[in-house]
Amino acid sequence: MKVISLFLFFFFVFCFQFQGEENKALIIANENFYDNPDIIPINFKNENFPDVKKFLEEKFKEQVTPSYGNQVFQTVLLSRAKIAELDKANIIYHKKENPPFRFFDPTYSERLKKRFTTLEDLKSGYKDHKLNEMYLKSLSNEYPEAIRYHDLGLTRLGRKIPAIKITSNNMREHKPSVLFNCAHHSNELVAIEHCYDIIYTLLKDNSNQEFLENLVIWIVPIVNPDGSFLFWYKSNLMGRKNGYLASKEMSEDLGRGTDLNRNYPFKWNSGVEKASSDDIRHSFYRGYSEASEPETKAMMGLAETERFIASISFHSHATRLLFPYSVENTKNPQPDLPKELAKKLVAFATSYHPNRKFEAVKNIYSVDGTDQDYYYFKYGTIALLAETSHKNIEYKNVETVVSGFRPLWKNFLQEILLGDKIVLRVTNNKEEPIEAQVTILEENYFEGEKFTTNLWNGTYYKLVSEGREYTIKLNAEGYEEKILKINSKKDFEPDFIVLNKRK
């Protein structure tokens, strides 16, 4: 009996240790590989590279593979210890200060040349603005029954802002729209991969068909293509901001640009210290006026047309789910559904950060001029901001990181499908859509929020915190005010309301 007991004891200890080691193996170090100061891109002239390669391989007994190359030079990522050996051997090399990111990615040129062949290409490496546009256009050609490609506008430097919308080709009219966007800050590479994980998962897994049947899902993987260009082709110290260039700056100035997620017209320049900056060289430079940037205007135009019922904006890497309003001294409407939903959803996210779990918070620090605050204020969009757990890690680890967040965004979509909502379609007696102000008398607003039906089709979608009867007041210029009782619902079939012309 003692022998059996001892056996069971050691068996369980072994299983516990093995399970612990297995879980530990999934933890990804909070190390931004491409920002590692000990790893430096070194350029060698093409004619000298074979001799350098031979020297390094004989010295360190490991294969030397360029991370980038062209007709003039080859780039190799080397540690400071290896560079010291080059110096001892009097080998000539060129060290580029603050190199562009393409020097760090050995697969980039090959992937760009290969173009799109299968859905698996979306999981083959980090994307810049070129790959992003190519992939989105290719997806719309490959899946014409589900995907439409759109250019939302032009950037400060004249680049297109590509987007896709994904939905089934059923005949249902006026589906509500949801937005996922990434890379307001284009140096946050893992954030972009969350958008691509959503695309990949929706197309790969047939179990997501219900989302496409009922929703129009917009995805903008790189809101800031100019930032992507600057980061990949100019310097890895650029890319957070866009391509705006003040008159007193040089085109290669590392501090150029506007932080697009300080540029939206809600509480812009709030006066809260450190929420944003009027210093053009500051990382948080808010722009010379609210909505000054064409990228911001493009996203605002999309929101005006679509009136998103919900959205998530992806950033990195604080391991947080932020709900509006994120600027201090601003009071949320009551009941506070974005906060309630964020607190509920965050439980579905798994963090592979070594010492941080996902948390739902108002902010990490006070921030003004953000997209999620603007969408919530202007349209009542349940707009969240996801700070993923890592920034610029080795790409082989990205799938683990995004898989940890996948249950959250899927449950986010599920909440939209199954949650309680008010659905209206407001027209005149000729069945023409009306842009009417919608006030829910059971809700309280404190920042001047005014929500309206969609000018183009008269629809209004709003998630509510509980299933019940609501009192709705409708006002439109030239029409009689109407107050009525509406029951919230689970489906998306609208309550049709006709407003009469004022006599």
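At a cut-off of 3.5 Å, with distance as the only test, a side-chain donor of T107 or D105 sits close to an acceptor on the other residue. A side-chain N or O of E193 and one of Y395 form a donor-acceptor pair less than 3.5 Å apart. Between the side chains of D205 and S207, at least one donor N or O sits under 3.5 Å from an acceptor N or O. N261 and T370 are not linked by any side-chain donor-acceptor pair at a separation below 3.5 angstrom, with hydrogens and angles left out of the test. T388 and H315 share no side-chain donor-acceptor pair at under 3.5 Å. With no hydrogens or angles considered, no side-chain donor-acceptor pair links N141 and Y143 at under 3.5 Å. For R262 and S276, the side-chain atoms include no donor-acceptor pair closer than 3.5 Å. N263 and T296 share a donor-acceptor pair across their side chains, judged by distance under 3.5 Å alone. A donor atom on one side chain and an acceptor atom on the other are found under 3.5 Å apart for D368 and S270.
With hydrogens and angles disregarded, a donor-acceptor distance shorter than 3.5 Å links the side chain of H390 to the backbone of I28. Distance alone, capped at 3.5 Å, places no donor-acceptor pair between the K59 side chain and the E85 backbone. Although no hydrogens or angles enter the test, the distance criterion places a donor-acceptor pair under 3.5 Å between the side chain of N242 and the main chain of T258.
Ionic pairing of D128 and R102 is not present here: no N-O contact between side-chain nitrogen and carboxylate oxygen is shorter than 4.0 angstrom. Using a 4.0 Å cut-off between a side-chain N of Lys or Arg and a carboxylate O of Asp or Glu, R406 and D197 qualify as a salt bridge. Between K331 and E447 no salt bridge is recorded (no basic side-chain N to carboxylate O distance below 4.0 Å). Under the 4.0 Å criterion applied to side-chain N and carboxylate O atoms, K61 and E58 are not assigned as salt-bridge partners.
Within 6.0 Å of NZ in K344 there are 12 or fewer heavy atoms belonging to other residues, nucleotides or ligands. Heavy atoms from other residues, nucleotides or ligands lying under 6.0 Å from NZ of K362 number more than 12. Within 6.0 Å of atom CD in E110, 12 or fewer heavy atoms from other residues, nucleotides or ligands are found, so the atom counts as exposed in its surroundings. Other residues, nucleotides and ligands contribute over 12 non-hydrogen atoms within 6.0 Å of the NZ atom of K123. Counting heavy-atom neighbours within 6.0 Å of R115 CZ, excluding the residue itself, gives a total of 12 or less. The environment of CD in E120 is crowded: more than 12 heavy-atom neighbours from other residues, nucleotides or ligands sit within 6.0 Å.
With values rounded to the nearest 0.5 angstrom, I192 atom CD1 is found 6.0 Å from S228 atom OG.
With D259 as the fixed residue, the salt bridge (charged side-chain N to carboxylate O under 4.0 Å, His left out) test singles out one of R240, K241, R281: R240.
If you look at F308 and Y379, their ring centroids are not closer than 6.0 Å. Here Y325 and F266 bring their ring centres to under 6.0 angstrom of each other. Less than 6.0 angstrom separates the ring centroid of F358 from the ring centroid of F405. Between F231 and H129, the ring centre distance reaches or exceeds 6.0 Å. In summary, the aromatic rings of W218 and H150 are positioned with their centroids under 6.0 Å apart. In summary, the aromatic rings of Y244 and Y288 are positioned with their centroids under 6.0 Å apart.
Applying the ring-ring contact (aromatic ring centres under 6.0 Å, His included) test to every pair with at least one member in residues 70-90, sequence neighbours left out, gives these pairs: F73-F103.
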Report task. Test W232 against Y108 for ring pair (Phe, Tyr, Trp, His ring centres under 6.0 Å), laying out the working first. Result -> CA-CA 10 Å; W232 280 76; Y108 170 72; 4.9 Å; yes

**Report entry** D371 and N181: CA distance, side-chain angles, deciding distance, side-chain contact (heavy atoms from CB on, under 4.5 Å) verdict
**Finding:** CA-CA 10 Å; D371 73 322; N181 73 73; 3.2 Å; yes

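Under the 6.0 Å distance and 45° angle rule, K127 counts as a cation-pi partner of Y196.
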